[in-house]
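Scroll down for the structure; my scribbles are underneath it.
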Amino acid sequence: MARANDEAADLIQELADLLSITGGDGFKIRAYEKAARAIAGHPDDISGMDLAGLRKIPAVGEAIAKKVLDYNATGTIRQVEDLRAQIPAGVRALTAIPTLGPKKALAVYEELGISSVPELAEAIKEGRLRGLKGFGAKTEDNILHGIDLMRQAGERVLIDVAADLAEEIVAALSPLAERCTHAGSLRRMRETIGDVDILAASTEPRPIMEAFTALPFVTDVIASGDKKTSIRTTRGLQVDLRVVPPESWGAALQYFTGSQGHNIRTREIAVRAGLKLSEYGLFSAESGELIVSETEEEVYERLGLPWVPPTLREDGGEIEAALKNELPRLVTAQDLRGDLHSHTDLTDGVATLEEMVAAAAERGLEYYAITDHAPNLFMQRMTDEKMLAQREQVRELQAKYPDLTLLHGTELNIDPDGEVDWDADFLAGFDVCVASVHSAFTQSQAEMTRRFVRACENPHVHVIGHPTARLIGKRSPVDADWDEVFRAAARTGTALEVDSFPDRLDLPADLIRRARRLGVKFSIDTDAHALGHHRNIRYGVGTAQRGWLTPDDVINTWPLDRLRAFLRKRS
DNA sequence: GCCGTTTTCGGCCCGACTGTTTTCAGTCG
């Protein structure tokens, strides 16, 4: 279920979109967009707030606060409803076509009555756009091509797909540039990526641009210049390459990492200080003289801010925290001493116990839990005997790893009533128990909430695995009253997992942030089912950072004795 | 519509590329 903040933010963003089509004042539109971002990123729930409380949210003034009150009372905003009556939903949908923005959408609607994507395609084929001001042959081609792209793929990809592609491109271009790296939403570790941004530093952009467009997976060159080139890959992903002079590296990296909202905030700070910030550097507004540009740290410092980690740059309160010098010291992969969730070929893993443990040792971990599936996930055919035999194997293997403590655990199934697979006596034999929802995903919110709360209250359940059970792009998150679940987890000393699988990333970052505020602890795990899955940990860490987690919030950064004390729960 | 150790009025982030224009508007990030 969408949170009130997100729903209200969507309505205000829609108001901005509709106004941009009807030709509303550009500054007013940007004010709405800014407020929408601020509301979506605001940590507190807006649903219970009064006018004064709402106005404390940055970028929310009298008028927008009243619109939010309208939303709180009625579930919608009157001005949005009024504009919807004037502009058919299909016209707003037209602006989703690449190269077609609000101005062109309004033109085809007003001049030709076109209010849907199929109608527009039809009109172009019939030649009805000819003679319309601003629409030439090339524009028609671009619109048809854009519609095609929208139809085939155009969707966002999982972070590992984007990361692998970026790595390949950076490897190919690095020999030609002084520096080369990825930026954009991938550097911010968003859970899905719409397009990949690559940044290179060089005084000779031409050869880099040529090498880029000649890469084997390039199907389409969308734009190409000396400073910027955009291509599309065989799987429909857009990649933008920017080449800047080496001395501009820091300012360019800051700029191309975004987010857009974060950049607007930093540029506003610059303007107020009599400066001008662009991808080429921080300049004096008056003389145009360059002040700094070589590193991100310098740029932030000159703006009066500490360096802001990319995973926080969402205009979600990080500017305010930075101004007060209260940015969190974020958890990193190096902080992790252990992994509390993994599988072997005893159930659905594809590597042996010995191989998985060797991979954990390779990661430099101090402790590592094997947590194969429990018997109620019937297809895994677990039995008490198999589990006990594995425990013996784990104890024997321990002798080979003096620097790595092996923990024997299991991943339990939380049944629809909140019960788990084994009785208390058997459960007491495990070092660590993860418990997860693997079935009955469609229970009502009340049932699901009770289910999680009961699981937390089980003294032998230490970690709730991939709590929302979502599969990005495939299965929606289960519906629960998350704040109530979080309060139960905090009260009972049950950690919530941050599962590192690229299609899970579960808990998601926004829920992590809410849970943290309620005192919850977390475990960042790979849920590895194969040797290669160990490297997914970076995505779990990125998600945890986006949830503002510090090492102290994460139980598997703790020394083993502190972890063991936590695992005793409130015995 | 928001906001103020430059302002309660008059500002508001900045630049690249494309296409349709003859000097710039639209779109995008």
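Reckoned from all heavy atoms, side chains included, excluding hydrogens, waters and symmetry mates. None of the values given here were measured: they were computed from a predicted structure. A, B, ... follow the sequence lines: proteins, then strands. Residue 1 opens every chain.
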| query | Under 4.0 angstrom, heavy atoms only, what part of the nucleic acid is A:Thr266 near: base, sugar-phosphate, or nothing? | reply | nothing
| request: Return the set of residues passing ring pair (Phe, Tyr, Trp, His ring centres under 6.0 Å) with A:His182 (not counting sequence neighbours), or none when no residue passes. | output: none
| request: Go through the structure and list residues passing salt bridge (Lys or Arg N to Asp or Glu O under 4.0 Å) with A:Asp483, not counting sequence neighbours. | output: A:Arg514
| Please give, in whole Å, the distance from B:dC2 P to A:Lys56 NZ? | 16 Å
| query | Between atom CZ in A:Arg188 and atom P in B:dG29, what is the gap in whole Å? | reply | 13 Å
| message | At 4.0 Å (heavy atoms only), tell me whether A:Arg242 reaches a base, stays on the sugar-phosphate, or touches nothing. | response | sugar-phosphate
| query | Which residue pairs pass the side chain to side chain donor-acceptor pair (under 3.5 Å) test with at least one member in residues 90-100 of chain A, sequence neighbours excluded? | reply | A:Asp17-A:Arg92
| request: Could you give the distance separating B:dG26 and B:dT21 at their C1' atoms, to the nearest angstrom? | output: 12 Å
| task | Heavy atoms under 4.0 Å is the rule here; annotate nucleotides 19-28 of chain B 5' to 3' with B where the base is hit, S where only the sugar-phosphate is, and - elsewhere. | result | SS-----SSS
| query | When you compare B:dT8 with B:dG15, how far apart are their P atoms, in angstrom units rounded to a whole number? | reply | 28 Å
| query | Which part of the nucleic acid, if any, lies within contact of A:Asp141, taking any heavy atom under 4.0 Å across all strands shown: a base, the sugar-phosphate backbone alone, or nothing? | reply | nothing
| Inter-nucleotide C1' distance (B:dG11, B:dT6), Å rounded | 12 Å
| message | I want to verify a distance call: between B:dT18, B:dG1, B:dG15, whose nearest atom is closest to the A:Tyr280 side chain? | response | B:dG15
| task | Can you sort out the partners of A:Glu110 under side chain to side chain donor-acceptor pair (under 3.5 Å), two or more places apart, ordered by chain and number? | result | none
| message | Using atom C1' in both nucleotides, what's the gap between B:dC3 and B:dC13 to the nearest angstrom? | response | 16 Å
| task | Please work out which of the three classes, parallel, tilted or perpendicular, describes the rings of A:Tyr300 and A:His262, given edges at 30° and 60°. | result | tilted
| What residues, two or more places apart in sequence or in another chain, satisfy salt bridge (Lys or Arg N to Asp or Glu O under 4.0 Å) together with A:Arg513? | none
| said: Heavy atoms from C-beta onward define the side chain here; which of B:dG29, B:dG1, B:dT18 lies closest to that of A:Ala223? | reply: B:dT18
| message | Strictly by Watson-Crick or wobble contacts shorter than 3.5 Å, is anything paired with B:dG26, and which nucleotide is it? | response | B:dC17
| C1' atom, B:dC12 versus B:dT22: distance in rounded Å? | 31 Å
| field | B:dT5 glycosidic torsion: syn (within 90° of 0) vs anti | value | anti
| field | Sequence-distant partners of A:Tyr109, ring pair (Phe, Tyr, Trp, His ring centres under 6.0 Å), two or more places apart | value | none
| Quick one: what's the B/S/- string for nucleotides 5-14 of chain B, heavy-atom cutoff under 4.0 Å, read 5' to 3'? | -B-----BBB
| said: I'd like to know if A:Glu268 and A:Lys34 make a salt bridge, using a cut-off of under 4.0 Å between side-chain N and carboxylate O. | reply: yes
| said: Applying salt bridge (Lys or Arg N to Asp or Glu O under 4.0 Å), can you list everything that pairs with A:Asp510, at least two apart in sequence or on another chain? | reply: none
